[in-house]
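Note sheet for the following structure.
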Number of protein chains: 2
Amino acid sequence: MVDSADDGGSKGNARRQFLKAGLGAAGGALAVAGGARAAEPDPLITEVQDWTRYLGKGVDATPYGLPSQYESDVVRRSVPWLTADAKSSVNFTPLYALDGTITPSGLCFERHHGGVAVIDPADHRLMIHGMVERPLVFTLDDLKRFPRENHVYFLECAANSGMEWRGAQLNGCQFTHGMIHNLEYCGVPLRYLLEEAGVKPQAKWLLAEGGDASLMTRSIPMEKIMDDCLVAFKMNGEALRPEQGYPIRLVVPGWEGNMWIKWLRRLELGDRSWEQREETSKYTDLLADGVARRHTFVMDVKSVITNPSPQAPLTHGKGRTVLTGLAWSGHGRIAKVDVSIDGGRNWSEARLEGGSSKGAYRFYHDFDWDGAELFLQSRAIDEDGNVQPTKDRLRAERGENSIYHNNGIQTWHVRADGVTENVEVS
Amino acid sequence: MVDSADDGGSKGNARRQFLKAGLGAAGGALAVAGGARAAEPDPLITEVQDWTRYLGKGVDATPYGLPSQYESDVVRRSVPWLTADAKSSVNFTPLYALDGTITPSGLCFERHHGGVAVIDPADHRLMIHGMVERPLVFTLDDLKRFPRENHVYFLECAANSGMEWRGAQLNGCQFTHGMIHNLEYCGVPLRYLLEEAGVKPQAKWLLAEGGDASLMTRSIPMEKIMDDCLVAFKMNGEALRPEQGYPIRLVVPGWEGNMWIKWLRRLELGDRSWEQREETSKYTDLLADGVARRHTFVMDVKSVITNPSPQAPLTHGKGRTVLTGLAWSGHGRIAKVDVSIDGGRNWSEARLEGGSSKGAYRFYHDFDWDGAELFLQSRAIDEDGNVQPTKDRLRAERGENSIYHNNGIQTWHVRADGVTENVEVS
């Protein structure tokens, strides 16, 4: 092989001849699309695929790898008019382009209230105090001496799909549903740290505080804290990303994303909820009668079709089609996902491929598209029997001012030309 | 909050006072280390952790996220003297710094024979021909119309630990064991594509060819092909990385990494193995009697302790210690991992945290270190009853010229000062 575009002549020509002959013998076969074959051979196939004639970069080129240049459109995106400033704002995971269950670490949505804190782990401390026998301060190295666990959990912001309360607004699942990610966390169960401090019997609530400019705080009941909460320091095998709370964050499986305090630095035990700003003014659900629900901690059962979707139109025409999406529930496992292609009149059970309790599940529905317009919907059911509701039912129950906890069924309209848009159907 | 280093005085001072008082009341408690408490308060705690006073980057700053600057030493590394050129060479996953089971996509080891091919997916094709009813050529979009599956699989290069056949050589698990990664793959079972082409009954072997400058080819028996092989286009949720074969690679679960052809472009069905260079001159095991084993496809049961290890010394002194590592087997599930801290005289069963068939498992052993020197070993047993052997036993069976399939038990010597080194013990 030479690192040059010039090839010796004969070997290249022999290859070209071979490819042409192969196609001819098979009747110019191209790949399957419900049996349709192209009338003329693909002109590319008659040329040598010339990247075999160039040596590529060596193993010393990229100490930390990055995606292909051909994937440069797969990025987090924000909606600038949503907030006054990018530092207290959100961006969205490009769900339409992803598959499997793990969210790529670099594409995890961000929701910050004061920008990303840049913390030197050597200087960072975690303090436990309040209604405990022994207040304690831990370094990162101290935390790593406690027994660890690994779990795959989804994190969904309670405001995910919040713009959709009043109808179909944003044209893409990245924007309607992209405040979610699903990661493998490695960390220490919080109860081990609290046992070290000795929780006093009158302690019923814990206040978790982050060390960012917003000093984010949330109150969490002790039963949840002592159940499955973690102090996590790794995501998908490596250290937390700065935007996900490096060097440590709280993990509150299945509960509102806002409670998973990033840049975690303080844990205070007390006998009642602190009723901080982010659990009174925000993260409460204003109902139609003017009363607000509070302490709506658990993220409800939910699903969305990610492909086809507005950012991923159905470009291949009739025939075999793969529909895919994600399903999740803060209550535990997903039992079933149903898919409809006619706006909810008829349902088929989708195939689940991967997922676990309080983690995101991937579902697929393989079908033959006849080319007519479609109204795609998915409906998830969790192991407790909770069924994902229609948006109309949610509005009937809660009005339109909730902002949070919109887990309604999403509809995508696929036109005959494959263009897909966000719609609502009754 | 203001984007400035100047703080209003009183609030800052009140916080400083609070932290001092808290420490005083608790007797200057620092974090636990087997009950040891520092004699004097940590001076840092008496200062305001000032990153709360700076607004960080906003949500428009990083469309594709990267690790913290404080993790800049967690990278792939190569060993320049190993090969004549970096384009046909290997680099290694920094196992010592990772946890959980998923390998971060940007840190997956690379082994190339002609550098990284840079392929435009729109131009890429996959051809199936040979002993089939209908030769076919697929575009990427065509492949995405077949039913998909998701699986977490390890990929280990058969030469992993190859330098260690003659004794302890390289000082770090990144170098002794780092030709491995564990990823969630999304792709199409290869049998669906072959069923489309119609495999003729006399076809017993498949030749897979990659479109890189080395035109890597390997022969694979049909029973494996029709079992669990995939044509994968995603890893950890997003498109394959260029260095892992973008846009498609073959996945051959549990078998030699070299067979997982990257930049996959051609599949030929035939009635015998092609006996290409990479399965005769290479990837065969030269035994002591001068005869070579060939077709040693399955990666044997294996494990390694990743922390402590030479690149991750035991810096915290006596007391509670977390030992961790990875275990895997090409035969299927890991049944058990045993850990020894005295060079193999006494064994304890480790705790498994995550893993699945033909994927990597994470294990932990939590123990109290008395400060004396340690000889750490791990020994994996898979569901078929295969037991990871000692290196001495491997050498007795195969001699020292194998290069490949070194799955022997690894020993790390931890000195009283925590410095850790690669050793062999009898």
With chain B, which of A:Val75, A:Val322, A:Asp99, A:Val116 has the greatest number of heavy-atom pairs at distances under 4.5 Å?
A:Asp99
Which one, A:Ala197, A:Ser72, A:Gly115, leads in non-hydrogen pairs under 4.5 Å with chain B?
A:Gly115
Quick check on [X] against chain B: is it the side chain, the backbone, both or neither that has a heavy atom closer than 4.5 Å?
{"X": "A:Ser78", "answer": "side chain"}
{"X": "A:Gln69", "answer": "side chain"}
{"X": "A:Lys234", "answer": "side chain"}
{"X": "A:Tyr246", "answer": "side chain"}
{"X": "A:Glu149", "answer": "both"}
{"X": "A:Thr83", "answer": "neither"}
{"X": "A:Tyr64", "answer": "both"}
{"X": "A:Arg148", "answer": "both"}
{"X": "A:Asp366", "answer": "side chain"}
{"X": "A:Thr324", "answer": "side chain"}
{"X": "A:Glu184", "answer": "side chain"}

Counting only heavy atoms closer than 4.5 Å, note whether B:Thr101 contacts chain A via side chain, backbone, both or neither.
both
Counting heavy-atom pairs under 4.5 Å with chain A, which one of [options] comes out on top?
{"options": "B:Val59, B:Ile102, B:Asn307", "result": "B:Val59"}
{"options": "B:Val118, B:Ile119, B:Val152, B:Val90", "result": "B:Ile119"}
{"options": "B:Ala117, B:Pro63, B:Gly58, B:Gly106", "result": "B:Pro63"}

Please report the interatomic distance [atom1]([X]) to [atom2]([Y]), rounded to the nearest 0.5 Å.
{"X": "A:Asn236", "Y": "B:Ser105", "atom1": "CG", "atom2": "OG", "result": "7.5 Å"}
{"X": "B:Arg362", "Y": "A:Cys186", "atom1": "CZ", "atom2": "SG", "result": "7.0 Å"}
{"X": "A:Glu71", "Y": "B:Leu240", "atom1": "CD", "atom2": "CG", "result": "9.0 Å"}

Check this for me: does any side-chain nitrogen of one of B:Glu196 and A:Arg320 sit under 4.0 Å from a carboxylate oxygen of the other?
yes
Where is the tightest heavy-atom contact between [X] and [Y], given as atom of each residue plus distance?
{"X": "B:Tyr54", "Y": "A:Ala213", "answer": "O-CB, 3.3 Å"}
{"X": "A:Glu243", "Y": "B:Gly65", "answer": "OE2-CA, 3.4 Å"}
{"X": "A:Pro104", "Y": "B:Gly237", "answer": "CG-C, 3.9 Å"}

With sequence neighbours left out, write down each residue that passes side-chain hydrogen bond (donor to acceptor under 3.5 Å, both in side chains) with B:His181, or none if nothing qualifies.
none
Would you check if there is a donor-acceptor pair between the side chains of B:Thr62 and A:Arg76 at a distance under 3.5 Å?
yes
Are any non-hydrogen side-chain atoms of A:Pro147 and B:Arg351 less than 4.5 angstrom apart?
yes
Within-4.5 Å side-chain heavy-atom neighbours: A:Pro67 and B:Arg241
yes
Heavy-atom donor-acceptor pair, B:Lys87 side chain to A:Leu55 backbone, under 3.5 Å
no
Closer than 3.5 angstrom, by distance alone: can the side chain of B:Asn150 be matched with the main-chain N or O of A:Gly354 as a donor-acceptor pair?
no
Give the C-alpha distance, both sets of side-chain angles, the deciding distance and a yes or no for side chain to side chain contact (heavy atoms under 4.5 Å, CB included) between B:Arg145 and A:His316.
CA-CA 9 Å; B:Arg145 299 178 69 177; A:His316 57 61; 3.2 Å; yes
Please walk me through it: do B:Val74 and A:Glu238 pass side chain to side chain contact (heavy atoms under 4.5 Å, CB included)?
CA-CA 9 Å; B:Val74 181; A:Glu238 62 183 341; 5.7 Å; no
